[in-house]
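Since the structure comes first, as structure tokens, the remarks are kept for the end.
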Amino acid sequence: MRLYLVSGNHHKFKEIEQLLPEGFDLDLITSIIPGKSVAEDAGTFYGNALKKIEAYRNSGVYLLSDDSGLVIDSLGGFPGVNSARFMEGASYRDKMQEILARMKGEKKRTARFICAALFYDCSSGSLLGAEGSVEGRIAPGISGTEGFGYDPIFIPDGYDKTFGELGCEVKNRLSHRAIAFKKLFSLVCLYNGQG
């Protein structure tokens, strides 16, 4: 089964591609349909993932989408659903520096990454969804060059290094996206009678 990811993020594509069960292939929706501007202005990760599906619902192909972000407790959940749009146009290094500046002197550094993942069946109109999260804390500084986004400031529970230092192999085992898509692919396999 060929699935099309509603995203232009190649890092995200690579992470999800490595999680595919046997018998599934993944491509970017932009490989067959020009990219559309989707206003990700829902108040939840699920809502933003759903907006991406709705934008391509009539494409006649099986769709995948997700929305994810970093939720920092001491900042009231910020940047949350606005993780990608916070300081829009700025580099992630600048975004991370701003977050670290806002947390200067803060002792409570607990945080989590959250991902909502969706599958849309074009033949039946059915929608399946799953959510994943990984608990951790915000590092005192930016460390590591692996991964993408906020990975260099997030230390997952049970580790003393950031996702940016731990590398893709470790991150792909325990990340919010890995958890969400493993759950989602299990549901898709059951739905298709493969589980």
Side-chain angles (χ1 to χ4, degrees), residues 5-19 38-49 51-52 64-118 129-184:
L5 180 64
V6 181
S7 177
N9 185 324
H10 289 277
H11 295 289
K12 191 181 283 193
F13 174 84
K14 287 289 181 197
E15 281 188 12
I16 297 167
E17 188 178 42
Q18 292 177 15
L19 301 168
V38 179
E40 296 179 50
D41 54 7
T44 63
F45 295 113
Y46 178 89
N48 282 334
K51 289 187 89 156
K52 295 173 191 178
L64 283 181
S65 75
D66 87 318
D67 191 46
S68 56
L70 178 63
V71 175
I72 302 171
D73 294 326
S74 65
L75 298 180
F78 177 85
V81 293
N82 294 309
S83 292
R85 291 165 295 286
F86 163 57
M87 290 176 58
E88 202 147 13
S91 70
Y92 270 95
R93 177 162 279 281
D94 289 344
K95 293 179 185 193
M96 288 185 288
Q97 286 173 336
E98 176 61 24
I99 285 171
L100 292 173
R102 291 183 186 200
M103 294 185 70
K104 189 173 182 177
E106 179 62 57
K107 299 255 188 289
K108 183 181 179 185
R109 302 188 76 83
T110 54
R112 70 207 45 80
F113 273 119
I114 297 174
C115 174
L118 296 178
E131 188 172 280
S133 66
V134 60
E135 297 290 325
R137 65 191 184 280
I138 301 301
I142 298 170
S143 297
T145 57
E146 296 288 318
F148 66 98
Y150 297 105
D151 287 350
I153 61 168
F154 183 81
I155 302 170
D157 281 355
Y159 292 83
D160 59 3
K161 293 182 177 177
T162 68
F163 272 154
E165 294 171 293
L166 290 170
C168 295
E169 189 177 316
V170 174
K171 182 187 175 188
N172 289 346
R173 263 199 335 264
L174 50 97
S175 78
H176 55 306
R177 189 167 292 111
I179 293 166
F181 276 95
K182 283 176 187 175
K183 286 182 192 173
L184 183 63

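Reckoned from all heavy atoms, side chains included, excluding hydrogens, waters and symmetry mates.
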So does I138 get a backbone contact from the side chain of R109, meaning a donor-acceptor N/O pair under 3.5 Å? yes
Looking only at atom types and distance, does a side-chain atom of K182 sit under 3.5 Å from a main-chain N or O of L19, one as donor and one as acceptor? no
For [X], give me all partners under salt bridge (Lys or Arg N to Asp or Glu O under 4.0 Å), at least two apart in sequence or on another chain.
{"X": "K14", "value": "E17"}
{"X": "R85", "value": "E40"}
{"X": "D41", "value": "K51"}

Over 60° means perpendicular and under 30° means parallel, so classify the ring planes of F113 and H176, tilted if in between. parallel
Where at least one partner belongs to residues 65-79, residue pairs that pass salt bridge (charged side-chain N to carboxylate O under 4.0 Å, His left out), sequence neighbours excluded: K12-D66, K52-D67, D66-R177, D73-R112
Using side-chain contact (heavy atoms from CB on, under 4.5 Å) as the criterion, list what pairs up with T145, not counting sequence neighbours. none
Residue set satisfying side-chain contact (heavy atoms from CB on, under 4.5 Å) with E165, at least two apart, ordered chain then number -> S143, K161, T162
Validation: residues 76-83 side-chain donor-acceptor distances under 3.5 Å, sequence neighbours left out:
unit_1: S83; atom_1: OG; unit_2: L70; atom_2: N; d: 2.9
unit_1: S83; atom_1: OG; unit_2: G80; atom_2: O; d: 2.6

Apply side chain to side chain contact (heavy atoms under 4.5 Å, CB included) to L64 and F13, showing your working. CA-CA 10 Å; L64 283 181; F13 174 84; over 6 Å; no
Please table the atom pairs, donor to acceptor, closer than 3.5 Å between any side-chain atom in residues 101-108 and protein atoms at least two apart or in another chain.
unit_1: R102; atom_1: NE; unit_2: E98; atom_2: OE2; d: 3.0
unit_1: E106; atom_1: OE2; unit_2: K108; atom_2: N; d: 3.1

How many angstroms lie between [atom1] in [X] and [atom2] in [Y], if you round to the nearest 0.5 Å?
{"X": "F181", "Y": "I16", "atom1": "CZ", "atom2": "CD1", "value": "3.5 Å"}
{"X": "S91", "Y": "Q97", "atom1": "OG", "atom2": "CD", "value": "7.0 Å"}
{"X": "M96", "Y": "Y150", "atom1": "CE", "atom2": "OH", "value": "8.5 Å"}
{"X": "F86", "Y": "I99", "atom1": "CZ", "atom2": "CD1", "value": "5.0 Å"}

Partners of N172 by side-chain hydrogen bond (donor to acceptor under 3.5 Å, both in side chains), sequence neighbours excluded? Q18
Minimum-distance pair of heavy atoms, taken over all atoms of [X] and [Y]:
{"X": "C168", "Y": "G147", "value": "SG-N, 4.3 Å"}
{"X": "A116", "Y": "A49", "value": "O-CB, 3.9 Å"}
{"X": "K183", "Y": "A130", "value": "CB-CB, 3.7 Å"}

Quiz: residues 151-158 side-chain donor-acceptor pairs under 3.5 angstrom, not counting sequence neighbours:
unit_1: D151; atom_1: OD1; unit_2: K171; atom_2: NZ; d: 3.4
unit_1: D151; atom_1: OD2; unit_2: F148; atom_2: N; d: 3.0
unit_1: D151; atom_1: OD2; unit_2: K171; atom_2: NZ; d: 2.7

